[in-house]
> 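I'd like to ask some things about the structure below.
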Number of protein chains: 2
Amino acid sequence: MNISEAATQSGLPAKTIRYYEDIGLVDPARRQDNGYRDYGVRDVHLLRFLHRARNLGFTVADCRNLLSLYTDGDRHSANVKAIALNRIADIDQKIAELGEMRSVLATLADKCHGDDRPDCPILDEFSGAGE
Amino acid sequence: MNISEAATQSGLPAKTIRYYEDIGLVDPARRQDNGYRDYGVRDVHLLRFLHRARNLGFTVADCRNLLSLYTDGDRHSANVKAIALNRIADIDQKIAELGEMRSVLATLADKCHGDDRPDCPILDEFSGAGE
DNA sequence: CTTGACCTTCCAGTTACTGGAAGGATTACC
DNA sequence: GGTAATCCTTCCAGTAACTGGAAGGTCAAG
């Protein structure tokens, strides 16, 4: 499939896919006879994974780490497992932090009357004079 | 407190705090007699919130949105509530995506024998010849 | 009273894209 | 067969969000 189809299916802009190839985050794509890049289902899976990871605040360097689990077939299973478990710990931490932010916002939403009165008790917490 | 203390407590580098002031993401800090920036507990709370949000993949523009909930005291409660609920939906989406990534990695870790044999069945999924 | 760790501003560099130009390939229509 | 629209290519420039470093003022310790 062409790059625009891979872009649609993975959620990454075509520009970004080419960029990832440029910086060596993904292997150079196969080329069709006309010189166009050619993508398969596996490529799209990988790109989608990258798309998610970047959206979720992993850096490109983090992504290289994540991908090494897939692409480095020579790595010992024990190492793969250890690295995967580390990444899972990272993800759990992010989930916990999102949970905290969520509860901050939920408290805020909850304390707001939801009517038209412009008084939210929690606003005092952050606005107004410093200490 | 000085900027370095605010940095330590919020988790944001001092550089970044000044940068956020520059771009108007946070209000200019009060100044001490010597011209040093002066921060209070509320400022630190706000900076910590920003630190979390940025880490979790919210853009600076998103952060402005999130902060408007705190800083715009004139906003009607109904609006605050609506925006907060939208942000919560964003966060829930992120949590769901992290959950997906987590399960991809967990499956990977699980399928690895955890010994020294270099064969991970799942590696086939992404590596090797394209489709 | 000076050494070292702060702070200030300003400017240049980095990361990770993102947009646009210039030009070739493909499809769709007359 | 021509041509207009829509792909694709590379390359280069610009943006977002920092990040590091220079140049210089401030402050607490010995």
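Reckoned from all heavy atoms, side chains included, excluding hydrogens, waters and symmetry mates. To find a chain, count down the sequence lines: A is the first, B the second, and so on, and within it residues start at 1.
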> Is there a path of hydrophobic side-chain contacts, each under 4.5 Å between heavy atoms of I, L, V, M, F, W or Y residues, that connects A:Y19 with A:V44?
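They do share one cluster, since a chain of ILVMFWY contacts under 4.5 Å joins A:Y19 to A:V44.
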> Scan B:I3 against the nucleic acid and name what it touches under 4.0 Å (heavy atoms): base, sugar-phosphate only, or nothing.
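Sugar-phosphate only.
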> Whole angstrom is fine here: how far is it from CD in B:E21 over to P in C:dC7?
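Nearest whole value for this atom pair: 14 Å.
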> Consider only side-chain heavy atoms of I, L, V, M, F, W and Y, link residues closer than 4.5 Å, and tell whether B:Y36 and B:L47 are in one cluster.
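Each belongs to a different hydrophobic cluster.
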> Report yes if at least one side-chain N or O of B:S4 is closer than 4.0 Å to OP1 or OP2 of C:dA5; otherwise report no.
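False: B:S4 side-chain N/O out of range (4.0 Å or more) of C:dA5 OP1/OP2.
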> Identify whether the distance between the nearest side-chain nitrogen and carboxylate oxygen of B:D43 and B:R30 falls below 4.0 Å.
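Here B:D43 pairs with B:R30 in a salt bridge, since their nearest N and O are under 4.0 Å apart.
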> Quick one: label B:R18 by what it contacts on the DNA or RNA (base, sugar-phosphate, nothing), any heavy atom closer than 4.0 Å.
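B:R18: base contact, heavy atoms under 4.0 Å.
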> Do NZ/NE/NH1/NH2 and the carboxylate oxygens of B:R31 and B:D38 come within less than 4.0 Å?
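Salt bridge between B:R31 and B:D38, a charged N being under 4.0 Å from a carboxylate O: no.
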> Taking the nucleotide of DNA chain D with the nearest heavy atom to each, does B:V60 or B:N34 sit closer to the 5' end?
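Here B:V60 is the residue nearer the 5' end.
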> Rounding to a whole Å, what distance do you find between A:L50:CG and C:dC17:C1'?
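A:L50 atom CG is separated from C:dC17 atom C1' by 14 Å.
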> How many whole angstroms separate atom CE of B:M1 from atom P of C:dC7?
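Computing the B:M1:CE to C:dC7:P distance gives 12 Å.
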> Within the structure, does a side-chain N or O atom of A:Y36 lie under 4.0 Å from either OP1 or OP2 of C:dG24?
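A:Y36 to C:dG24 OP1/OP2: no side-chain N or O under 4.0 Å.
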> Roughly how many Å is it from CG in A:L25 to P in C:dT15, rounded to a whole number?
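In whole Å, C:dT15 P lies 14 Å from A:L25 CG.
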> Hey, does the side chain of A:R37 come within less than 4.0 Å of D:dT9's phosphate (OP1/OP2), counting only N and O?
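Answer yes for this pair, as a side-chain N or O of A:R37 is under 4.0 Å from OP1 or OP2.
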> Specify the closest pair of heavy atoms between A:V26 and A:L50, including all atoms of both residues, with the distance to one decimal.
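So the minimum-distance heavy-atom pair works out to CG1-CD1, 3.6 Å.
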> Should B:T16 be listed as having a side-chain N or O under 4.0 Å from OP1 or OP2 of D:dT19?
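Yes, within the criterion.
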> When the nearest nucleotide of DNA chain C is assigned to B:E5 and to B:K15 on a heavy-atom basis, which residue is associated with the more 5' position?
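This one resolves to B:E5.
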> Among D:dA17, C:dC17, C:dA16, find the nucleotide with the atom closest to the side chain of A:T59.
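Taking heavy atoms from C-beta onward, the closest nucleotide is C:dA16.
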> Without decimals, in angstroms, what is the distance between B:D22 CG and C:dC11 C1'?
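One finds 12 Å between C1' of C:dC11 and CG of B:D22, rounded.
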> Starting at CD of A:Q32 and ending at C1' of C:dG24, how long is that distance when rounded to a whole Å?
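To the nearest whole Å, that distance equals 14 Å.
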> In whole angstroms, how far is the C1' atom of D:dA16 from the OH atom of A:Y19?
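Result: 13 Å.
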> How many whole angstroms separate atom CZ of B:R31 from atom P of D:dG25?
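Whole-Å distance recorded here is 17 Å.
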